[in-house]
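For reference, the structure discussed in these notes is given below.
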Number of protein chains: 2
Amino acid sequence: MSPRRQDPSNRVTLLNAAARLIAMGGPQSLSARRLAAATGMSTMAVYTNFGSMNGIVREIARDGFKRLERLLMLAEQTDDPVADMAVLGRIYRYNAMTNGHAFEVMFGSSNLAGFALTEEDRQHGRYTLSMVVECAQRCVAASRFTPDDPVLIAHHMWIGVHGTTMLELGRYLVPPYDGNGFLEQQLTSLMVGAGDERARAQESVAASLSRFVSNFGPAM
Amino acid sequence: MSPRRQDPSNRVTLLNAAARLIAMGGPQSLSARRLAAATGMSTMAVYTNFGSMNGIVREIARDGFKRLERLLMLAEQTDDPVADMAVLGRIYRYNAMTNGHAFEVMFGSSNLAGFALTEEDRQHGRYTLSMVVECAQRCVAASRFTPDDPVLIAHHMWIGVHGTTMLELGRYLVPPYDGNGFLEQQLTSLMVGAGDERARAQESVAASLSRFVSNFGPAM
DNA sequence: AGGATGGCATAACACCGTTACCCCACGGAA
DNA sequence: TTCCGTGGGGTAACGGTGTTATGCCATCCT
């Protein structure tokens, strides 16, 4: 069944096809012509719906941020804010692993070749961080973290977890190191670096693992 | 003066032109034809000298790693290994800022569009980390860091500094946050996260700043 | 029922990386 | 000194890319 002309669902069809192409062969394999071939439309459909190839890529990135936000919102707020923070970190990695194609577009592309994010996209990325900021605030309020700008703390948390994730995705972690074990160490280091006592940090990180597993299933 | 045929310096000429192109308009603007136009040669020169466009890009990445290694080796080993570690972090960022084009090629491209690093290149990146591993070892030996696998500690350090640098390079740090201030906080957090006492960490990080400035001039 | 709108197909343009082919500037042999 | 073989690099083409001017026609409104 060939797509009908002037069908508003063409937009969704293109987006799905783009996601599938990226998932199959990496961002490299996303092209206007392949998109056209996969959907039975012409390359023009991309331009009327998204303005440019960059446009459809940015749309995928936006969807990726939305999905991440939705997942982060599933984290409950308990009376152990440090464990809450650790859960946020685990969700971040979970999203990257199960949504790899969007993740590559969101962060693999910022500077380089072809796809460029606008300042607005970057703002959106920062906005997603607000949940982490709020959690950092609670960690400080509970006297677990050293009093400091919550935004700054959130950035440190994000860098640590994002870096770990990118290292794993980029296959820089070779045996005997693996993403799972590395994340545990990283989370503890981050909490201690932010001011938590090491023993309590380890306890909270461990608690966050069982909380995460019960909500998202066993780790990857 | 047009380049002579069969001149071994053509290789260097191409490398320089490539670096200039990337520095001017980003990795995006590096193309075989522009390279040919800039050097007065034809696109074939790229293929006889480097095999492919990927080849010349990997050469630039290799040079980048070499340069980083050379800079890291300038860091002295004192009886304050934590300060030594902080100096390594500062040098890492210094290299990224003053050698941006190579840095983008080294890390901005791993997954995406066009330029791909081989497993060998990644190994080279890991090798560069050996200096950090050695320093981590000394930090543990001096009882400043919690006893742990030095390679693991080094990865944590690298992630923290690299993440900070990428955040800055990607213009994710908007006022009132800036790369300079952020790095100070990050370095302290990293040392504390690795096991150092906060007061001593702050002292060492502060000491590392003056050491760095006296060797590399005032910060950027 | 007829006219205006605008989404999409067609086909072209300029660019990209890559390669088959060929020339000819060079180094070594006679 | 002359000749030859080698191979680096120029020419031009191939198949790909993003993008766009043009025009058709399905849809919606009057």
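Lettering of chains follows the sequences in order, A, B, ..., and the numbering in each one begins at 1.
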Could you tell me how far apart [X] ([atom1]) and [N] ([atom2]) are, to the nearest whole angstrom?
X: A:Leu35; N: D:dG18; atom1: CG; atom2: C1'; answer: 12 Å
X: B:Leu30; N: C:dG17; atom1: CG; atom2: C1'; answer: 11 Å
X: B:Gln28; N: C:dC16; atom1: CD; atom2: P; answer: 10 Å
X: A:Arg11; N: C:dG6; atom1: CZ; atom2: C1'; answer: 16 Å
X: A:Met53; N: D:dT19; atom1: CE; atom2: P; answer: 7 Å

Quick one: list whatever passes ring pair (Phe, Tyr, Trp, His ring centres under 6.0 Å) with [X], sequence neighbours left out.
X: A:Phe182; value: B:His155, B:His156
X: A:Tyr47; value: none
X: B:Phe145; value: none

>> The test is side-chain contact (heavy atoms from CB on, under 4.5 Å); show your working for B:Leu14 and B:Asn49 and say whether it passes.
In response: CA-CA 9 Å; B:Leu14 284 168; B:Asn49 281 291; 3.7 Å; yes
> Hey, does the side chain of A:Asn54 come within less than 4.0 Å of D:dT19's phosphate (OP1/OP2), counting only N and O?
Replying inline: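 The answer is no; no side-chain N or O of A:Asn54 sits under 4.0 Å from OP1 or OP2.
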>> Check the phosphate of D:dG9 against B:Asn10, side-chain N and O only, distance under 4.0 Å to OP1 or OP2. Yes or no?
In response: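 Yes, such a contact exists.
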> DNA chain D: A:Gly51 or A:Ser31, which has the more 5' nearest nucleotide?
Replying inline: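 That would be A:Ser31.
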> For A:Ala83 and A:Ser204, which heavy atoms make the closest approach, and how far apart are they?
Replying inline: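 Nearest heavy atoms, A:Ala83 then A:Ser204: CB-O, 3.6 Å.
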> So which nucleotide from C:dG17, D:dG10, D:dT19 ends up closest to the side chain of A:Ala32?
Replying inline: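 For the A:Ala32 side chain, the nearest candidate turns out to be D:dT19.
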> Nearest to the side chain of A:Tyr47 - D:dT20, D:dT17, C:dG17?
Replying inline: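 Side chain of A:Tyr47 sits closest to D:dT20.
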Validation: residues 186-193 of chain A side-chain donor-acceptor distances under 3.5 Å, sequence neighbours left out:
unit_1, atom_1, unit_2, atom_2, d
A:Gln186, NE2, A:Gly160, O, 3.2
A:Gln186, NE2, A:Thr164, OG1, 3.1
A:Thr188, OG1, A:Glu184, O, 3.1
A:Ser189, OG, A:Gln185, O, 3.2

>> For A:Glu134, give me all partners under salt bridge (charged side-chain N to carboxylate O under 4.0 Å, His left out), at least two apart in sequence or on another chain.
In response: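 Counting only residues at least two positions away or on another chain, A:Glu134 forms a salt bridge (charged side-chain N to carboxylate O under 4.0 Å, His left out) with A:Arg138.
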> Which part of the nucleic acid, if any, lies within reach of A:Thr48 when heavy atoms closer than 4.0 Å are counted: base, sugar-phosphate only, or nothing?
Replying inline: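 It contacts base atoms.
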Identify the pairs formed between an N or O of the protein and an N or O of nucleotides 10-12 of chain C at a distance under 3.5 Å, and give each distance.
unit_1, atom_1, unit_2, atom_2, d
C:dA12, N6, A:Arg33, NH2, 3.4

